[in-house]
Amino acid sequence: MGVLNSRGVVLLTRPKLLASKAVAAGLAALCLVMVPTSATAQIYSWRDANGNLVLANKPQSGAGVGQVVVPSDPAPMSPTVPVQSRTASDRARMYDGIITEHARANDVRPELVRAVVQVESAFNPYARSPKGAQGLMQLMPATAEQFGVTNAYNPEENVRAGVAYLRQLLDRYENDEELALAAYNAGPGAVDKYGQTVPPYRETKSYVAQINQITARPIAPRASRIYKVTEVIDGRPVVRYTDQRPASGTYDVIGR
């Protein structure tokens, strides 16, 4: 059987994964044929009335439980270079600049935000749960709307809103991180219902424990500074982060 994470995203266990090799190969091939230049495409699969496996780039209305969403790997594809999935640590480093910037802007510990992202989405910016939570910090639509997010799969927007919401919860519970995390998972109403304690829900208690365990680990050393560089490409500002000081142009130092 699959295992559900805190937002209901299904993670296949090893027996299920081994049984799905043939389907995975078909999905990978279809991704290459149907969306060779897209890094954000999704492939859907379901069984039709005759029991045949159907693959498409659009969901089937009424497909029900048999429908599976497979986000593509954000790594660029090349016909001459083997595609390998990024490890969790690689993905974590990709978003370290964004996390650091918004954590410090909201006076939240960056390691706490990293742990939330790890538990919520495993640093997959295209993660979506059956409950509708989206992106790196698994924003629910109402939360995304509250914080002015137009695209919850955009890492910059998602982390900005997720950290701002976490800051809001920390303020509500007087900087008690455990209560803020419990509210992030189960909602403030559940925390208040149980006298501003961690609700006795197995999922929520596990969620808080996982994040506490992650943040208790030694933080890997990183560069002493992180630079935020904004470049104009095709008339649009594009933000990137680097631990190397830019040789020219304007930049901001966001990590020390």
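We're numbering straight along the sequence, starting at 1.
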What are the two closest non-hydrogen atoms of [X] and [Y], and how far apart are they?
{"X": "Ala182", "Y": "Pro199", "result": "CB-CD, 3.9 Å"}
{"X": "Pro110", "Y": "Ile99", "result": "O-CG2, 3.9 Å"}
{"X": "Ala127", "Y": "Tyr153", "result": "O-CE2, 3.6 Å"}
{"X": "Ala115", "Y": "Ile214", "result": "CB-CG2, 3.7 Å"}
{"X": "Asn106", "Y": "His102", "result": "ND2-O, 2.8 Å"}

Glu156 vs Glu101, side chain to side chain contact (heavy atoms under 4.5 Å, CB included): CA-CA, chis, key distance, verdict: CA-CA 10 Å; Glu156 177 83 31; Glu101 177 182 12; 4.1 Å; yes

Hey, could you give me the CG/CG distance between Asp176 and Leu169, rounded to the nearest 0.5 Å?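 Answer for the CG-CG pair, Asp176 versus Leu169, is 11.5 Å.
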
How far does CG of Asn212 sit from CG of Leu181, to the nearest 0.5 angstrom?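 It is 6.5 Å, given to the nearest 0.5 Å.
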
Close side-chain approach of [X] to [Y], heavy-atom, < 4.5 Å:
{"X": "Asp192", "Y": "Tyr173", "answer": "yes"}
{"X": "Met137", "Y": "Val163", "answer": "yes"}
{"X": "Val116", "Y": "Tyr207", "answer": "yes"}
{"X": "Tyr95", "Y": "Leu136", "answer": "yes"}
{"X": "Arg109", "Y": "Thr215", "answer": "yes"}
{"X": "Tyr184", "Y": "Gln138", "answer": "no"}
{"X": "Arg160", "Y": "Val149", "answer": "yes"}
{"X": "Gln196", "Y": "Glu174", "answer": "no"}

Does Ser206 reach the main-chain N or O of Arg202 with its side chain, forming a donor-acceptor pair under 3.5 Å?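 No; zero donor-acceptor contacts below 3.5 Å.
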
Glu157 side chain to Thr150 main-chain N or O, any donor-acceptor pair under 3.5 Å?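 Side chain of Glu157 to backbone of Thr150, a donor-acceptor pair under 3.5 Å: yes, one is there.
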
Can Phe123 and Arg93 be said to form a side chain to side chain contact (heavy atoms under 4.5 Å, CB included), step by step? CA-CA 9 Å; Phe123 293 93; Arg93 283 192 291 270; over 6 Å; no

Start with the C-alpha distance between Glu177 and Leu112, add both sets of side-chain angles, then the distance that settles side chain to side chain contact (heavy atoms under 4.5 Å, CB included), and finish with yes or no. CA-CA 9 Å; Glu177 290 185 352; Leu112 179 64; 3.8 Å; yes

Are there more than 12 heavy atoms of other residues, nucleotides or ligands under 6.0 Å from atom CD of Glu145?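 Counting neighbours around CD of Glu145, 12 or fewer heavy atoms of other residues, nucleotides or ligands fall under 6.0 Å, so no.
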
Distance-only polar pair, side chains of Gln134 and Asn158, donor-acceptor under 3.5 Å: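 Gln134 vs Asn158: no donor-acceptor pair found between side chains.
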
Ile211/Arg114 under side chain to side chain contact (heavy atoms under 4.5 Å, CB included): CA gap, chis, key distance, verdict: CA-CA 9 Å; Ile211 293 178; Arg114 291 189 195 98; over 6 Å; no

If hydrophobic clusters are built by linking Ile, Leu, Val, Met, Phe, Trp and Tyr wherever their side-chain heavy atoms come under 4.5 Å apart, do Val239 and Met94 end up in the same one?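 Yes.
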
